[in-house]
A.B. asks: 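Quick one: structure below, then a few questions.
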Amino acid sequence: MKAIQNESGRFGTVAACAALAVPRASYYRWLRPQAVAAAPRRSPRALSDAERTEVLDVLHAPRFVDKSPAQVVTTLLDEQRYLASERTMYRILKANQEVRERRDQLRHPSYAAPELLAEAPNQLWSWDITKLMGPAKWTYFHLYVILDVFSRYVVGWLLADRESATLAERLIAETCERQQIQRHQLTIHADRGTSMRSKTVALMMADLGVTKTHSRPHVSNDNPFSEAHFKTLKYMPEFPERFGSVQDAREHCTRFFEWYNQEHYHSGIAMMTPYVVHHGLGEETRAKRDEVLHAAYAAKPERWPRGQPRAQPVPNAVWINKPKEEKGSAEGDASDASSLPSSGGKGAGPLLNSAQ
């Protein structure tokens, strides 16, 4: 800037700025004297430092130490004395970091979001209980459902006329036995319902070597797979508004779960059925689909200008609350892979469909 100022008399301001690649606006701005920031103006109504100290001393007095500023102001008024308003007293206390909740209240802990990964069947299950409306008002049937997160396969379910930790314990134990779950193989995720957090269920899982996790309070997204499954159940066209009896509800659920596991093409698992993915048939099914697409491409290649179409691969990983540092990848909740990992799942056997 000084060089431009020195040479502007010989070459002109425009030429000097151009030679030094300095915008003229910046040069003219530099020439203007810098405005000195004015000190903040003190309000004529503000308390002086001595008055603020007097207010703080009064608030610290033994007779006022456990009283609110509103009570202090009222007490002083009755004593024919006025120091400051209630709001001013709060400002003074806040400036001295003396404003807080005086009562001992329950502090809810900060719950961390559960971050769970399934890379094969029978590694991560999600279970929940939903209500089905009965024949009369205020009557319900309780549907317990255990879902494999990786394959979306319903590995066990139970319908009863009540919610009970004993029934939940029995359902989980029998399902683990049927799926031949080994110790430290499985994690079961659930929300924070009374049956899910019961001591009997927790002890039973500990005996089986099963890890249990729970959703955060009032966070429905922590158990998305069970919630989505219940929506599929209740949005079916044949789902009735009410069930006439527990037998009626049980028959309906039997038909639904057979259809869901065996016939329902699930968008989250490459439009395959839960049975196919749970029993390790995903790669075989994908290969057969590729053969059909290859034949169609060979017959009419002009219909695929981008080249040979391929069948969608089954995700090789499914997350509940994928860690933030991994969300930048192209995959969503479930990553794609060129091949399906071995299922590790055993024969499902008959579904548990009654409480007996």
Side-chain angles (χ1 to χ4, degrees), residues 25-26 29-116 126 128-129 163 165 187 189-203 205-206 211-224 226-227 319-328 333:
S26 299
R29 193 180 301 113
W30 174 77
L31 287 178
R32 291 196 300 267
Q34 297 293 327
V36 179
R41 186 173 63 89
R42 184 181 179 87
S43 173
R45 298 188 297 271
L47 299 182
S48 64
D49 293 339
E51 290 174 325
R52 294 172 66 88
T53 301
E54 182 182 6
V55 170
L56 200 59
D57 290 341
V58 170
L59 292 172
H60 289 169
R63 64 174 181 152
F64 291 139
V65 71
D66 290 328
K67 293 186 177 182
S68 66
Q71 298 184 30
V72 174
V73 171
T74 305
T75 303
L76 293 178
L77 286 177
D78 290 342
E79 296 177 355
Q80 307 299 310
R81 185 183 178 191
Y82 182 82
L83 295 180
S85 67
E86 176 187 349
R87 185 69 188 94
T88 300
M89 289 186 178
Y90 271 114
R91 290 194 190 98
I92 295 174
L93 289 172
K94 184 177 180 181
N96 290 271
Q97 300 180 352
E98 296 183 17
V99 178
R100 67 174 183 85
E101 176 58 60
R102 298 188 180 192
R103 296 166 295 177
D104 290 333
Q105 294 183 335
L106 178 63
R107 310 280 182 178
H108 295 286
S110 177
Y111 293 89
E115 296 176 353
L116 306 173
S126 171
D128 202 354
I129 303 174
E163 181 177 338
T187 297
H189 181 71
D191 58 24
R192 307 187 72 83
T194 55
S195 298
M196 291 72 171
R197 295 186 295 112
S198 68
K199 184 178 294 185
T200 57
V201 173
L203 293 175
M205 289 189 184
T211 303
K212 70 180 184 72
T213 63
H214 293 289
S215 303
R216 291 167 291 178
H218 313 295
V219 180
S220 60
N221 291 342
D222 284 352
N223 199 17
S226 290
E227 298 295 340
W319 282 92
I320 293 180
N321 293 326
K322 193 171 186 179
K324 293 182 179 180
E325 60 271 17
E326 299 185 20
K327 287 184 178 178
D333 285 343

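Below, each value reflects all heavy atoms present in this structure, side chains not excepted, and no hydrogens, waters or symmetry copies.
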A.B. asks: Which atoms form the tightest heavy-atom contact between Phe64 and Val58, and what is the distance?
C.D. replies: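 Smallest heavy-atom distance, with atoms named: CD1-O, 3.3 Å.
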A.B. asks: Counting C-beta onward and ignoring hydrogens, is there a side-chain heavy-atom pair between Leu56 and Glu98 closer than 4.5 Å?
C.D. replies: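 A side-chain contact exists here, since the closest heavy-atom pair is under 4.5 Å.
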A.B. asks: Do Ser198 and Ser195 get their side chains close enough for a donor-acceptor pair, meaning under 3.5 Å?
C.D. replies: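 On atom types as modelled, these side chains do not qualify, holding no pair under 3.5 Å.
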A.B. asks: Should Arg29 and Arg32 count as side-chain neighbours, where that means a heavy-atom distance under 4.5 Å?
C.D. replies: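 A side-chain contact exists here, since the closest heavy-atom pair is under 4.5 Å.
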A.B. asks: Can you find a side-chain donor-acceptor pair between His189 and Ser126 that sits under 3.5 Å?
C.D. replies: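 No, because no side-chain N or O of His189 sits under 3.5 Å from a partner of the opposite role on Ser126.
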A.B. asks: Of all heavy-atom pairs between Leu83 and Leu47, which one has the smallest distance, and what is that distance?
C.D. replies: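 What the structure gives for the nearest pair is O-CD2, 4.4 Å.
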A.B. asks: Is there side-chain contact between Tyr111 and His218, with at least one heavy-atom pair below 4.5 Å?
C.D. replies: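 They are not in side-chain contact.
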A.B. asks: In the structure I gave you, are the side-chain heavy atoms of Leu77 and Tyr82 within less than 4.5 Å of one another anywhere?
C.D. replies: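 Yes - at least one pair of side-chain heavy atoms lies under 4.5 Å apart.
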A.B. asks: Should we count CD of Glu79 as having more than 12 external heavy atoms under 6.0 Å?
C.D. replies: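 Counting neighbours around CD of Glu79, more than 12 heavy atoms of other residues, nucleotides or ligands fall under 6.0 Å, so yes.
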A.B. asks: Are Pro69 and Arg87 packed together at the side-chain level, in the sense that at least one heavy-atom pair is separated by less than 4.5 angstrom?
C.D. replies: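 Sidechains of Arg87 and Pro69: no contact.
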A.B. asks: Would a 4.5 Å heavy-atom cut-off, applied to side chains only, mark Thr75 and Arg63 as touching?
C.D. replies: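 Thr75 reaches Arg63 side chain to side chain.
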A.B. asks: With a 4.5 Å heavy-atom cut-off, do Lys212 and Thr187 have their side chains touching?
C.D. replies: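 No - every pair of side-chain heavy atoms lies 4.5 Å or more apart.
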A.B. asks: I'd like to check Ile320 versus Glu115 (side-chain heavy atoms, cut-off strictly below 4.5 Å). Are they in contact?
C.D. replies: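 No. Closest side-chain heavy atoms not under 4.5 Å.
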A.B. asks: After noting the C-alpha distance and the side-chain angles of Met89 and Val73, does the key distance pass the side chain to side chain contact (heavy atoms under 4.5 Å, CB included) rule?
C.D. replies: CA-CA 9 Å; Met89 289 186 178; Val73 171; 3.7 Å; yes
